[in-house]
Number of protein chains: 2
Amino acid sequence: MSVVGGKWKMTILWRLARDTKRFNELQRSIENITRKMLTEQLRELERDGFVLRTVYSQVPPKVEYSLTDYGKTFIPVMQAMAQWGLTHLDSEA
Amino acid sequence: MSVVGGKWKMTILWRLARDTKRFNELQRSIENITRKMLTEQLRELERDGFVLRTVYSQVPPKVEYSLTDYGKTFIPVMQAMAQWGLTHLDSEA
DNA sequence: CAGTATCCGAAATGATACTG
DNA sequence: CAGTATCATTTCGGATACTG
């Protein structure tokens, strides 16, 4: 929990489990997250080795986020949680 | 995450997965948790149907906390997380 | 496009004292 | 033993403006 327990971390990792995403793409895919929060959580996930940040030196800038191999080891855990949620949380608040 | 994402909820559930515990027993088993935090988190877990609170009308009071059947369905998910942690988090901060 | 920097209010948490 | 009440503090998160 200390590494994946941030307010948006699971959501971010879950998005990146599907495929690589750019910053704005990620922001649009997560309802209500601010640039600040997205940046902060991504930095922490990066520091903890879950997420890889790839910067393309071009104009306009392009930055892609993806799961590292280490981050991918966490996918089964997320799937277990997702499956539990689907089974037990019918109408979520 | 919205139901088990509280700061101490996973820890509490993990303790109760082993066996029923009394309030002070639970507090002693969790380093640094205050009575206030423990009470609040337990109340929420109770409200969400994970935890059963059993009061024995005696002096001194005795209150036991245990997982409900519903709460027990979450044990495999916690085990998945615990196993992941053991495998990937050697020396935790 | 992909961020940073700054400020500020809200919410979470902690400390402490009190209670049936 | 198992809490509750109150207050202080810390942390978090949102709004806004600015940048390469």
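No experiment lies behind these values; they were computed from the predicted model shown. In what follows, every chain begins at residue 1, and chains take the letters A, B, ... in the order their sequences are listed.
For B:Gln83 and B:Thr87, the side-chain atoms include at least one donor-acceptor pair closer than 3.5 Å.
Look at D:dG20: its Watson-Crick or wobble partner, with both distances under 3.5 angstrom, is C:dC1.
The side chain of A:Lys36 approaches D:dA15 more closely than any other nucleotide in the set D:dG3, D:dA15, D:dA2.
One can place CD1 of A:Ile33 at 11 Å from C1' of D:dG13, the figure rounded to the nearest angstrom. The distance from atom CD of A:Glu25 to atom C1' of C:dG3 is 16 Å, rounded to the nearest whole Å. Across the protein-nucleic acid pair, A:Arg22 atom CZ and C:dC1 atom C1' stand 7 Å apart, rounded to whole Å. Rounded to an integer number of Å, the gap from A:Met37 CE to C:dA11 C1' is 13 Å. As a whole-Å value, the separation of A:Glu31 CD from D:dG13 P is 18 Å. Separating the CD atom of A:Gln27 from the C1' atom of C:dC1 is a distance of 11 Å, rounded to the nearest angstrom. Atom-to-atom, CD of A:Glu40 to P of C:dT4 comes out at 9 Å; the value is rounded to the nearest Å. Between B:Leu38 atom CG and D:dC1 atom C1' there is a gap of 13 Å when expressed in whole angstrom units.
Crowding of A:Gln58 atom CD: a count of heavy atoms from other residues, nucleotides or ligands under 6.0 Å exceeding 12.
In this model, the phosphate group of D:dC1 is not approached by any side-chain N or O of B:Lys21 to a distance below 4.0 Å at OP1 or OP2. OP1 or OP2 of D:dG14 sits under 4.0 Å from a side-chain N or O of A:Lys7. For B:Arg43 and D:dT4, the shortest distance from a side-chain N or O to OP1 or OP2 is below 4.0 Å. Within the 4.0 Å cut-off from OP1 or OP2 of C:dC1, not a single side-chain nitrogen or oxygen of A:Tyr65 is found. Residue A:Arg35 places none of its side-chain N or O atoms closer than 4.0 Å to OP1 or OP2 of C:dT4.
Between A:Tyr65 and A:Phe23, the ring-plane angle classifies as tilted under the 30° and 60° cut-offs. Between B:Phe74 and B:Phe50, the ring planes lie perpendicular to each other; the angle is over 60°, past the 30° to 60° tilted range.
Side-chain contact between B:Trp84 and A:Thr73 is present, with at least one heavy-atom pair separated by less than 4.5 Å.
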